Amino acid sequence: MSAANLQSEVQFVPRRSEDRGHADHGWLKTFHTFSFAMYQDPRFQKWGTLRVINEDRVAPGEGFGTHPHREFEIFSYIVNGELEHRDSMGNREVLKRGDIQLTSAGTGIRHSEMQHGSNPVHFLQIWSLPQRSGLPPKYYNRHFTDEEKRDVLVPVVAPVGSKGVTDAREGSGPAPVQSPVWLFSTILSPGKSVTHHLLRPSRGTQRKAYLHVIQTSGYNKGKASGGLLKVNKDLFLSEGDGSFAQGAEGAEITIENIGDQDAEVLLFDLE
């Protein structure tokens with residue numbers, strides 16, 4: 001195999017759904033990709049600037065009461081149901097499917113996230129580390145329809161200053177993040193595939209990525225089931241599964257839905 005081909009390969013390390021941290025508190029059913037709260041594993045502290053991926057289901061009338069954050073970029077990806085957000089910046093909003101809410105905590109904020117309406121809320125809570133400290137707190141909201149994400153990778157979060165990114169509280173394009181992290185989302189139909197080329201690293205020769213398949217078929221603390229994806233040649237992922245990835249600029253990640261139902265996938269490209 002030529003040196004060029006070797007450089008273009010992506011190395012994968014799967015993170016199986018059943019191996020994630022998990023807690024069932026009755027009102028909250030949650031999975032942790034990285035160490036969080038009572039789940040601590042020195043092997044899974046962060047991946048580049050990505051620090052938290054929690055897949056949460058919150059029962060009606062429950063949620064996370066007012067609590068502080070600082071020096072984190074915090075974004076919520078709503079899968080189903082409704083989530084009410086309130087914060088010390090005066091923001092109050094009910095988030096629904098398709099919404100991406102991003103709080104740049106900066107020097108410090110207080111916020112709450114409560115289930116809203118009559119149905120449980122299913123969402124992903126994601127944290128990344130900012131490139132700069134001491135920034136003023138900011139709040140952003142973006143919305144992407146299922147149709148927009150159908151069989152394409154849509155950038156829903158991107159670094160501040162990137163093409164198509166604005167500082168507007170609400171608007172089109174990706175939500176701005178103070179981290180070297182791009183987040184792409186797709187709803188992949190059976191038989192369809194999408195391809196992503198790893199972006200240019202700002203230093204060194206390697207770029208990191210992370211894949212996560214959302215548990216859209218329902219809560220399952222056992223071995224992953226539901227949709228089935230093939231990634232590149234020989235990596236297979238089902239709902240709840242994820243994978244760390246690393247490769248050179250331009251290396252391909254191809255995700256193919258080889259199952260019989262839609263699959264909702266998140267792809268992070270980061271440093």
Side-chain angles (χ1 to χ4, degrees), residues 10-23 30-56 64 67-77 100-109 111 113 123-135 137-138 155-160 162 174-185 196 198-215 231 235 237 240-249 251 253 265-271:
V10 178
Q11 304 298 318
F12 294 99
V13 178
R15 180 76 161 116
R16 297 299 174 189
S17 182
E18 65 271 25
D19 296 331
R20 293 182 292 173
H22 171 257
T30 181
F31 293 94
H32 309 305
T33 297
F34 300 102
S35 294
F36 191 88
M38 297 301 292
Y39 170 68
Q40 296 294 319
D41 188 325
R43 299 172 300 167
F44 303 107
Q45 295 296 320
K46 64 176 184 173
W47 181 236
T49 52
L50 191 56
R51 177 61 186 86
V52 170
I53 304 175
N54 291 344
E55 187 163 1
D56 292 342
F64 305 96
H67 57 281
H69 287 287
R70 65 187 302 272
E71 303 301 354
F72 271 114
E73 303 293 288
I74 303 165
F75 30 118
S76 298
Y77 181 102
I100 296 280
Q101 181 271 317
L102 192 150
T103 298
S104 183
T107 54
I109 57 100
H111 74 171
E113 295 160 307
F123 71 107
L124 280 90
Q125 183 181 167
I126 302 160
W127 300 5
S128 65
L129 299 167
Q131 295 185 94
R132 295 172 53 199
S133 61
L135 294 170
K138 289 193 174 183
V156 296
V157 173
V160 169
S162 300
V177 65
Q178 295 283 350
S179 305
V181 174
W182 287 77
L183 172 57
F184 300 86
S185 175
H196 175 72
L198 291 178
L199 302 174
R200 177 180 297 177
S202 63
R203 56 188 180 274
T205 61
Q206 296 292 295
R207 186 81 178 181
K208 292 180 172 65
Y210 190 81
L211 296 169
H212 179 76
V213 187
I214 299 173
Q215 272 193 347
V231 182
L235 175 63
L237 302 176
D241 284 340
S243 182
F244 302 95
Q246 191 162 332
E249 176 190 355
I253 297 177
V265 185
L266 301 181
L267 187 155
F268 300 83
D269 188 320
L270 69 149
E271 295 189 277

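This is a predicted model, so every value here is computed, not measured.
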inquiry  = Please evaluate residues Q178 and K138 with respect to the criterion side chain to side chain contact (heavy atoms under 4.5 Å, CB included), reporting the C-alpha separation (whole Å), side-chain torsions for both, the decisive distance (0.1 Å), and the verdict.
reply    = CA-CA 10 Å; Q178 295 283 350; K138 289 193 174 183; over 6 Å; no

inquiry  = Within this structure, what is the CD-CG distance for the pair Q215 and D241, rounded to the nearest 0.5 Å?
reply    = 9.0 Å

message = Testing the 3.5 Å rule here: is there a donor-acceptor pair between the side chains of E73 and S128?
response = no

query = Are the aromatic rings of Y210 and W47 close, with centres under 6.0 Å apart?
reply = no

Atom pair CZ (F244) and NZ (K208), whose distance is rounded to the nearest 0.5 Å = 11.0 Å

note = Rounded to the nearest 0.5 angstrom, the CD-CZ distance for E18 and F31 is 10.0 Å

ask   = Is the gap between the ring centers of H22 and H32 under 6.0 Å?
value = no

ask   = Taking 4.0 angstrom as the limit, do E271 and R207 come out as a salt bridge?
value = yes

task = Any salt bridge (Lys or Arg N to Asp or Glu O under 4.0 Å) involving residues 31-41? Give me the pairs, sequence neighbours left out, ordered by first then second residue.
result = D41-R43

inquiry  = Could you report the tightest heavy-atom contact between V156 and S185, atom names first, then the distance?
reply    = CG1-CB, 4.1 Å

inquiry  = Please enumerate all residues that pass side-chain contact (heavy atoms from CB on, under 4.5 Å) together with V213, with sequence neighbours excluded.
reply    = L229, L237, E239

ask   = Rounded to the nearest 0.5 Å, what separation is found between the CD atom of Q125 and the CG atom of D56?
value = 6.0 Å

message = Over 60° means perpendicular and under 30° means parallel, so tell me whether H196 and F184 are parallel, tilted or perpendicular.
response = tilted

request  = Go through F44 and T33 one step at a time and tell me if the side chain to side chain contact (heavy atoms under 4.5 Å, CB included) criterion holds.
outcome  = CA-CA 7 Å; F44 303 107; T33 297; over 6 Å; no

task = Could you walk me through whether V52 and F72 pass side chain to side chain contact (heavy atoms under 4.5 Å, CB included), step by step?
result = CA-CA 10 Å; V52 170; F72 271 114; 5.9 Å; no

note = Closest non-hydrogen atoms of E249 and P201, given as atom of the first, atom of the second and distance, are CB-CD, 4.0 Å

request  = Could you tell me which residues satisfy side-chain contact (heavy atoms from CB on, under 4.5 Å) with A209, sequence neighbours excluded, listed by chain and number?
outcome  = L198, A245, I253

message = Using every non-hydrogen atom in the two residues, find where L270 and G48 come nearest and quote the distance to one decimal.
response = CD1-CA, 4.2 Å

request  = Enter the distance from L267:CG to W182:CH2 here, rounded to the nearest 0.5 Å.
outcome  = 12.5 Å

request  = Might you work through the side chain to side chain contact (heavy atoms under 4.5 Å, CB included) test for L50 and F34, ending with a clear yes or no?
outcome  = CA-CA 9 Å; L50 191 56; F34 300 102; 4.1 Å; yes

E113 CD to F123 CZ distance, which is reported to the nearest 0.5 Å = 5.0 Å

